[in-house]
Enquirer: 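Here it is, the structure, as structure tokens.
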There are 2 protein chains.
Amino acid sequence: MQEALTIGQLAARSGVAPSALRYYERLGLIRADRTGGNQRRYHRSELRRVAFIRIAQQVGVSLDEIRSALDSLPASRTPTAEDWAQLSTAWREGLTEKIRLITRLRDDLDGCIGCGCLSLRRCSLYNPGDQLANEGPGPRLTVPHPHRPSG
Amino acid sequence: MQEALTIGQLAARSGVAPSALRYYERLGLIRADRTGGNQRRYHRSELRRVAFIRIAQQVGVSLDEIRSALDSLPASRTPTAEDWAQLSTAWREGLTEKIRLITRLRDDLDGCIGCGCLSLRRCSLYNPGDQLANEGPGPRLTVPHPHRPSG
DNA sequence: CCTTGAGTTGAACCTCGCTTCAACTTGCAG
DNA sequence: CTGCAAGTTGAAGCGAGGTTCAACTCAAGG
């Protein structure tokens, strides 16, 4: 097995610091074999897991959520393919929602902030159908809080 | 001016805790007028700013980046519309990149993780053109780290 | 006036996602 | 076999993004 990676190699290849990789391992996000001298040796497939982790983080997914997703994977052998389909579907919805949010953000930029008037005094005239422009008494935002205990 | 909002009202309407709103103010993300008795009174347009902040956070943008964007806005009067156009463009690129990442993530889920084999032993056969499957010696990830000092 | 709920401040504290440090061990090149 | 970079651990520290607390003030109804 000349394919095993040291932590330094995985770090270099993934762009993630060794300390972060150890941290991920403690959280159960990735795993490593050990040499006789207790040093970590990574299967090359871990590189893919790390890539997945980093990308998910970039779009605002917490390590805990990522672990949940990763936990439901081939820990044993047979992947119970239907469970994964459900997992995949759940994530798909979340990701689609993220895309919706980003698009909304971008539209805000272009439509209102982009024109220099965040104050809405004039923008509301220009964006009659805008959801966010609805600032009278009524429904409110339902965007979940990323850093709240019981959010 | 019956349109001014108390902090409690803004909190209720935006779904953001009063403590968070004060925190945002300290960071210069939002602003408030004061009553004679020193209490905050928010213009209704702040609701839109808060919405913007929350949405941006959801997709992994830091408060500091958000402030930078918001700072370049009608602090004085004339918005120097061309500067905003540049700002808007810069954000557009970042957001487009986020969408790319999310799509990649979703494809990973559907194409490889979704099938239950994150190990790539079989997936690489099914995804010959996959960028992330390139795990031999060569180029590596360039996804920036969200929580690193000099990332 | 008095009460009471909402608001004020600063300081302390919390979780997340790491990094840094100290003290020590492995593993490989020469 | 030596030397030294690279690895190991646990504990402490850090920055972001807030929450909680104590002590106090404001605002509106009765």
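Each chain gets a letter, A, B and so on, in the order the sequences are listed, and its residues count up from 1.
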Enquirer: So does A:Arg31 get a backbone contact from the side chain of A:Glu46, meaning a donor-acceptor N/O pair under 3.5 Å?
Expert: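 It does hold such a pair.
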Enquirer: Using atom OH of B:Tyr23 as one end and atom P of C:dT9 as the other, report the distance to the nearest whole Å.
Expert: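 It works out to 16 Å between those atoms.
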Enquirer: Do A:Glu65 and A:Ser68 pair up side chain to side chain, a donor and an acceptor below 3.5 Å, judged on atom types alone?
Expert: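 No - no donor-acceptor pair under 3.5 Å links their side chains.
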Enquirer: Counting only side-chain heavy atoms from C-beta out, which of D:dA16, C:dT19, C:dG17 sits nearest to A:Leu63?
Expert: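 Nucleotide nearest to A:Leu63's side chain: C:dG17.
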Enquirer: Ignoring backbone atoms, establish whether A:Gln57 has a side-chain N or O less than 4.0 Å from OP1 or OP2 of C:dC16.
Expert: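 Indeed not, no polar side-chain atom of A:Gln57 lies that close.
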Enquirer: Got a sec, which residues hit side-chain contact (heavy atoms from CB on, under 4.5 Å) with B:Leu29, two or more places apart in sequence or on another chain?
Expert: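 Checked B:Leu29 against side-chain contact (heavy atoms from CB on, under 4.5 Å); matches are B:Tyr24, B:Leu27, B:Ile53, B:Leu63, B:Ile66, B:Arg67, B:Leu70.
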Enquirer: Considering residues at least two apart in sequence or located in another chain, which fulfil the salt bridge (charged side-chain N to carboxylate O under 4.0 Å, His left out) criterion with B:Arg22?
Expert: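 Here no residue qualifies.
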Enquirer: Would you say C:dT9 has OP1 or OP2 under 4.0 Å from some side-chain N or O of B:Arg40?
Expert: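 Answer is yes, contact under 4.0 Å.
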Enquirer: Quick one: list whatever passes side-chain contact (heavy atoms from CB on, under 4.5 Å) with A:Glu25, sequence neighbours left out.
Expert: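 Counting only residues at least two positions away or on another chain, A:Glu25 forms a side-chain contact (heavy atoms from CB on, under 4.5 Å) with A:Ile30, A:Ala32, A:Arg34, A:Arg40, A:Tyr42.
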Enquirer: Is A:Thr6 close enough to D:dG7 that one of its side-chain N or O atoms is under 4.0 Å from OP1 or OP2 there?
Expert: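 It does, given that an N or O in the side chain of A:Thr6 lies less than 4.0 Å from OP1 or OP2 of D:dG7.
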Enquirer: Using whole Å, what does the distance between atom P of nucleotide D:dG18 and atom CD1 of B:Ile53 come to?
Expert: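 After rounding, the reported distance stands at 9 Å.
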Enquirer: Protein-nucleotides 10-14 of chain C N/O pairs closer than 3.5 Å?
Expert:
none

Enquirer: Could you check how far CG of B:Asp33 sits from P of C:dG7, rounded to whole Å?
Expert: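 My rounded result for the distance is 16 Å.
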Enquirer: If you check every side-chain atom of B:Ser19, which of C:dG17, D:dT20, C:dG7 has the closest atom?
Expert: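 It is D:dT20.
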Enquirer: Separation of A:Arg22 atom CZ from D:dT9 atom P, in whole Å?
Expert: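 A:Arg22 atom CZ is separated from D:dT9 atom P by 7 Å.
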Enquirer: Would you say A:Tyr24 places a side-chain N or O within less than 4.0 Å of OP1 or OP2 belonging to C:dC18?
Expert: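 For A:Tyr24, the contact criterion (side-chain N or O under 4.0 Å from OP1 or OP2 of C:dC18) is met.
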Enquirer: Closest approach to the side chain of B:Ala20, judged atom by atom: which nucleotide of D:dT19, C:dT8, D:dG7 is it?
Expert: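 Within the option list, the nearest is D:dT19.
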Enquirer: Go through B:Leu5 and B:Arg44 one step at a time and tell me if the side-chain contact (heavy atoms from CB on, under 4.5 Å) criterion holds.
Expert: CA-CA 7 Å; B:Leu5 297 166; B:Arg44 281 165 50 202; 4.2 Å; yes
Enquirer: Should A:Arg67 be listed as having a side-chain N or O under 4.0 Å from OP1 or OP2 of C:dC16?
Expert: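 Checking C:dC16 against A:Arg67, no side-chain N or O comes under 4.0 Å of OP1 or OP2.
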Enquirer: Rounded to the nearest 0.5 Å, how far does CD1 of A:Ile102 lie from CD of A:Glu97?
Expert: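 Answer rounded to 0.5 Å: 10.5 Å.
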Enquirer: Could you please spell out the steps behind the side-chain contact (heavy atoms from CB on, under 4.5 Å) verdict for B:Val16 and B:Leu10?
Expert: CA-CA 8 Å; B:Val16 174; B:Leu10 181 56; over 6 Å; no
Enquirer: Report, as a single string ordered 5' to 3', how protein heavy atoms within less than 4.0 Å touch nucleotides 22-30 of chain C: B base, S sugar-phosphate only, - not at all.
Expert: ----SS---
Enquirer: Under the side-chain hydrogen bond (donor to acceptor under 3.5 Å, both in side chains) rule, collect the residues that match up with B:Thr96, sequence neighbours excluded.
Expert: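 Counting only residues at least two positions away or on another chain, B:Thr96 forms a side-chain hydrogen bond (donor to acceptor under 3.5 Å, both in side chains) with A:Arg106.
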Enquirer: I need the CG-C1' distance between B:Leu10 and C:dA6, as an integer number of Å.
Expert: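 In whole Å, C:dA6 C1' lies 15 Å from B:Leu10 CG.
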Enquirer: Can you tell me how far P of C:dG7 sits from CZ of B:Arg34, to the nearest Å?
Expert: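 Computing the B:Arg34:CZ to C:dG7:P distance gives 12 Å.
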Enquirer: Taking B:Lys98 for its side chain and A:Gln58 for its backbone only, find out whether a donor-acceptor pair lies under 3.5 Å.
Expert: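 Yes; at least one donor-acceptor contact below 3.5 Å.
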Enquirer: Please report, rounded to the nearest Å, how far the P atom of C:dG17 is from the CD atom of A:Gln58.
Expert: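 Those two atoms, CD and P, are 13 Å apart.
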Enquirer: When the distance from CG of A:Leu21 to C1' of C:dG17 is rounded to whole Å, what number comes out?
Expert: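 In whole Å, C:dG17 C1' and A:Leu21 CG are 13 Å from each other.
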Enquirer: Go nucleotide by nucleotide along DNA chain C from the 5' end; which of B:Pro18 and A:Val61 gets its closest nucleotide reached first?
Expert: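 The residue whose closest nucleotide sits nearer the 5' end is B:Pro18.
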